[in-house]
Amino acid sequence: MTRTVYVNGDYLPETEAKVSIFDRGFLMADAVYEVTSVLGGKLIDFQGHAARLQRSLGELEMISPVTMDELLEIHHQLIARNDLDEGGIYLQITRGAGPDRDFVWPDPEEVKGGIVLFTFAKKLTAGKSLDEGIKVVSMEDIRWGRRDIKTTQLLYPSFAKMQAKKKGAADAWLVEDGFVTEGSSNNAYIVKDGVIITRQLSTDILHGITRASILKFAAEAQMKVEERPFTIEEAQQADEAFATSATGFSQPVVEIDGVRIGDGKPGPVSRRLREIYMEEMPKTAL
Ligand code: PMP
C-alpha cells in the first residue's frame, strides 16, 4: 500500500508529495516538529504534543498554517487513510518558502508556513531493546542553547547517534559541563535507592511529553523523584537507568560507557513505569 502523506493542504501518495526548494525547513532547518505515537489506531497524548508545538512556534515567532483542531483532524485522516494501528505520526511546520534564501525571516503575512505530516508503522509495544535494555555512550553536548524548542536542527543528535553505533551502543547520552543533559532523542533518568533522578526543565533540554506523564505517574505511585543534574559517574553507580520518548515510552539502559548498570538487566522501576504508562495513556488517547 502506498503511504498517503499530508503536504500543505493536500493528501497525496508519498511519491507525489513535493515541497519547494526554497522552503526554509529545507534550506535552514527553520522548522519545528512533533512525533506522536499511535497505539491501537489512536494518538497518545495529542494534547501534550499540540501544546509543545504551539510553544515551539511561539518561541520562534512562527505561525501555524492550521489550527490545532485541524491538526487533530489531519492526524486522524492519516491514521485512517494508512490504516495505521501501531507506530507514529511525524509532523513538521516550517517558516515556509520565501522568494529566495535569506537570513531575514519573511513576513508571515506574505509567506505562509509549510506543513508536512506522515505516518510510520512501527512496533512500539515489544522488542529486543525492551527485553534486554540498551547500551549508551556519553558524548559532549554541543547543540545550540535552545533545546527546549523542538526544531529540525538534528544534525548533531544524528551524528552523536552514529558515533554511538560505531562504538556498539544504541544511543548517546549528551554531557555538558560534566552533567548529562539528555539522550540524542530522549530524556535521561537514573534510579538510586528507589529515587528517580532526572535533569530539571530548562532551556538545556527538550521538555519531553513522555517525561511529564512518567513523572506524574511516578508521583502518583508514591515514587520519589529528584529533578536535578547527574554525572555519567553517578549514572554508572546507579541501580538502574532509562530513557523516555514518545515512541520509546520508557526504555531501559543497562550499560553506560562500557560500565554495567546494576545487574545489567532492565530495572524494576523503569519496567513498572512503562507498565503504568501503557495502562494509563490509552485511556486518554484520541
Ligand atoms: N529529548 C530530545 C532531544 C528529543 O529529541 C526527544 C524526542 N523528540 C525527547 C527528549 C523526548 O521527548 P518526547 O517524550 O516528547 O518524545
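All figures in this text were calculated on a predicted structure; none of them were measured in a lab. Remember, it's 1-based here, ligands and their atoms both numbered in the order they're listed.
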Considering both backbone and side-chain atoms of K150, is one of its nitrogen or oxygen atoms within less than 3.5 Å of a nitrogen or oxygen in ligand 1?
yes
Please could you name the atoms of ligand 1 that N187 approaches to less than 4.0 Å, counting only its heavy atoms?
10 (C), 11 (C)
Interfacing atoms of ligand 1 (cut-off 4.0 Å, heavy-atom, S184):
3 (C)
Could you list the atoms of ligand 1 found under 4.0 angstrom from a heavy atom of T244?
11 (C)
Hey, are T181 and D204 close enough side-chain-wise for a donor-acceptor pair under 3.5 Å?
no
Would you check if there is a donor-acceptor pair between the side chains of Q251 and S129 at a distance under 3.5 Å?
yes
Mode of I205 contact toward ligand 1 - side chain, backbone, both, neither (heavy atoms, under 4.0 Å)
neither
Between E73 and Q77, is there a side-chain donor-acceptor contact under 3.5 Å, judged purely by atom types and distance?
yes
Is the closest basic N to carboxylate O distance between D148 and R55 below 4.0 Å?
yes
Backbone, side chain, both or neither: what part of E34 comes under 4.0 angstrom of ligand 1, heavy atoms only?
neither
For ligand 1, find out whether one of its N or O atoms is nearer than 3.5 Å to an N or O atom of R211.
no
Would you kindly specify which portion of R147 sits under 4.0 Å from ligand 1, judged on non-hydrogen atoms: side chain, backbone, both or neither?
neither
Side chains of I232 and V180 in contact at under 4.5 Å (non-hydrogen atoms)
yes
The protein heavy atom nearest to atom 12 (O) of ligand 1 is G208 CA, 3.5 Å
Looking at ligand 1, is there an atom of it that comes within less than 4.0 Å of some heavy atom belonging to G48?
no
More than 12 heavy atoms of other residues, nucleotides or ligands under 6.0 Å from CZ of F26: yes or no?
no
Would you please say whether a donor-acceptor pair under 3.5 Å links the side chains of T244 and Y189?
yes
Could you tell me whether E34 and R52 have a side-chain N and a carboxylate O separated by less than 4.0 Å?
yes
Are side-chain N/O atoms of T152 and Q92 paired as donor and acceptor at under 3.5 Å?
no
Strictly under 4.0 Å, does any heavy atom of V35 approach an atom of ligand 1?
no
Which residue and heavy atom of the protein sit nearest atom 7 (C) of ligand 1, plus the separation
S185 O, 3.3 Å
With only distance considered, is I209 within less than 3.5 Å of ligand 1 through an N or O on each side?
yes
Other residues, nucleotides, ligands: >12 heavy atoms within 6.0 Å of F159 CZ
no
Return yes or no for this condition: an N or O of A246 is under 3.5 Å from an N or O of ligand 1.
yes
Suppose I only count heavy atoms of R143 and a 4.0 Å limit; which atoms of ligand 1 are within that range?
3 (C)
Under 3.5 Å between some N or O of ligand 1 and some N or O of S245?
no
Suppose I only count heavy atoms of R52 and a 4.0 Å limit; which atoms of ligand 1 are within that range?
12 (O), 13 (P), 15 (O)
Minimum-distance protein heavy atom relative to atom 14 (O) of ligand 1
T210 OG1, 2.6 Å
Please indicate whether any nitrogen or oxygen in E182 is less than 3.5 Å from any nitrogen or oxygen in ligand 1.
yes
What is the minimum heavy-atom distance between L130 and S250, and which atoms define it?
CD2-O, 4.0 Å
Short version for P157: what comes under 4.0 Å of ligand 1, heavy atoms counted, is neither
Indicate yes or no: does E182 engage R211 in a salt bridge with an N to O separation below 4.0 Å.
no
